[in-house]
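Each remark here refers to the structure printed beneath this line.
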Amino acid sequence: NFDLSTGREGKLARQERGRQPSGRAATHDHDSHGCAGCQHVLFHFHLCQLWKTRLNPVGSQSIAFLTGANGMTSSILIAGGGSAGWITANVLAASFERAGGLAPQITLIEAPDIPIIGVGEATVPSIRRTLQYIGIGEREFMRACDATFKTLIRFDDWSPGISFDHPFDRRERPATDMAVEDWLRHGQDAPSFDGTFSVLSRITAFNLAPKAVGWPDYGSPFPYAYHLDAVKLARALTGIGLKRGIRHVLGRITDVNVAASGSIESVELEDKTIHSADLFVDCTGFAARLVGQALGIEKTSFSKQLLC
């Protein structure tokens, strides 16, 4: 199991179907997409406020493991909807489409009476790769989500009367070192560091977009992201997922059935229906209905590393 909304990482829950569940935790590094023969799969997410904006799509080796040599993984259940749930569902579906062959049934269960957190949402540049992988056109996405371009984060009055930018563009070393040394040589008479160092700060100062009309979807020499309506994003991804054949179930999870081995076998809804799967993914946010409440995996705190 992996909680896509709160960053909890736990055991991969597999129902026993002619083989023993591995019960092993994912341990790959952040650049790994999968390993042939390993008994686990790892999804990578990076926090951006309350939900993840970066998901490294699972690689072909991970997909081969999920489907198995005999197609043993026939079903995946995602608990929780919203942005996290539907991004996960669509990326998995897109990965199986690219891999070819018989894809497992993906089911997403979300409660009909839990509102999606937030309205305005800020993203980072890797969201473009995720959306492109899912297969939604940039213009279609921006219209559906009322999105605008985002090239940097501006901190107004960080100190009284002083603002600074955190732009998305980067320079490779040694160009970075030379730019810093040049800026330091000017001392107190130097212009702002971000204005000197970043092309995006200059572009933003002139209210220019990071790309021109007619440029390819998600393509630009400048890194950029979006401000968007999170509720409308989830709605758009829901429509794409349904066209892909993702099964959408509205219902509140009331019970999680865990086997003696520690693997989740099924979930039960308020209407007493029981839904089983080979792989469960927790997208229930801070509730952590599967990973936290059912499996008892504690949240990893980063409070000591945060500045505020």
Side-chain angles (χ1 to χ4, degrees), residues 5 7 30-31 44-56 83-84 87 117-133 136 138-139 141-233 302-308:
S5 304
H30 286 289
D31 294 323
H44 297 297
F45 293 84
H46 292 265
L47 282 170
C48 177
Q49 296 183 9
L50 295 179
W51 59 286
K52 307 294 188 294
T53 59
R54 176 184 179 187
L55 186 149
N56 290 336
S83 302
I87 286 176
I117 296 176
V119 177
E121 198 69 67
T123 63
V124 293
S126 55
I127 187 67
R128 289 155 49 214
R129 183 171 62 251
T130 301
L131 294 171
Q132 188 173 32
Y133 190 86
I136 181 173
E138 187 173 33
R139 291 167 180 80
F141 150 74
M142 294 189 72
R143 291 191 186 102
C145 302
D146 293 337
T148 59
F149 293 123
K150 173 188 175 186
T151 55
L152 52 80
I153 303 166
R154 176 161 293 164
F155 296 85
D156 286 327
D157 292 325
W158 181 258
S159 295
I162 298 177
S163 302
F164 75 93
D165 293 343
H166 182 287
F168 289 144
D169 54 335
R170 298 288 186 270
R171 297 189 189 185
E172 299 292 335
R173 296 187 66 181
T176 301
D177 297 337
M178 292 187 293
V180 172
E181 291 171 1
D182 181 64
W183 181 76
L184 290 173
R185 277 195 294 269
H186 288 81
Q188 294 183 347
D189 295 329
S192 66
F193 179 77
D194 44 25
T196 303
F197 192 83
S198 169
V199 174
L200 289 178
S201 283
R202 298 292 184 90
I203 289 175
T204 304
F206 289 99
N207 292 321
L208 298 176
K211 63 185 304 180
V213 175
W215 288 11
D217 283 0
Y218 306 109
S220 172
F222 309 109
Y224 67 91
Y226 313 96
H227 287 286
L228 54 87
D229 186 317
V231 176
K232 291 184 177 181
L233 173 63
F302 290 91
S303 58
K304 292 182 179 180
Q305 287 77 32
L306 298 176
L307 298 177
C308 56

Go through the structure and list residues passing ring pair (Phe, Tyr, Trp, His ring centres under 6.0 Å) with [X], not counting sequence neighbours.
X	result
Tyr224	Phe149, Tyr226
Trp215	none
Phe164	Phe155, Trp158

Applying salt bridge (charged side-chain N to carboxylate O under 4.0 Å, His left out), can you list everything that pairs with Arg154, at least two apart in sequence or on another chain?
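Applying salt bridge (charged side-chain N to carboxylate O under 4.0 Å, His left out) to Arg154 gives Asp165.
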
Test: salt bridge (charged side-chain N to carboxylate O under 4.0 Å, His left out). Region: residues 196-220. Which pairs qualify, not counting sequence neighbours?
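Those involving residues 196-220 are Glu138-Lys211, Arg139-Asp217.
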
Can you list everything that forms a side chain to side chain donor-acceptor pair (under 3.5 Å) with [X]? Sequence neighbours excluded, please.
X	result
Asp157	none
Asp156	Ser163
Ser220	none
Tyr218	none

Go through the structure and list residues passing side-chain contact (heavy atoms from CB on, under 4.5 Å) with Ser198, not counting sequence neighbours.
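So Ser198 forms a side-chain contact (heavy atoms from CB on, under 4.5 Å) with Pro167, Asp169, Leu200, Ser201.
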
Applying side-chain contact (heavy atoms from CB on, under 4.5 Å), can you list everything that pairs with Lys232, at least two apart in sequence or on another chain?
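Checked Lys232 against side-chain contact (heavy atoms from CB on, under 4.5 Å); matches are Asp146, Asp229, Arg235.
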
What's the shortest heavy-atom distance between Arg128 and Pro223, and which atoms?
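Reported closest heavy-atom pair: NH1-CA, 3.8 Å.
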
What are the two closest heavy atoms between Leu233 and Cys145, and how far apart are they?
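Shortest heavy-atom separation between Leu233 and Cys145 comes out as CA-SG, 3.4 Å.
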
Any chance you could measure [X], atom [atom1], to [Y], atom [atom2], to the nearest 0.5 Å?
X	Y	atom1	atom2	answer
Phe222	Ile203	CZ	CD1	4.0 Å
Ile127	Ser83	CD1	OG	8.5 Å
Thr204	Leu152	OG1	CG	4.0 Å

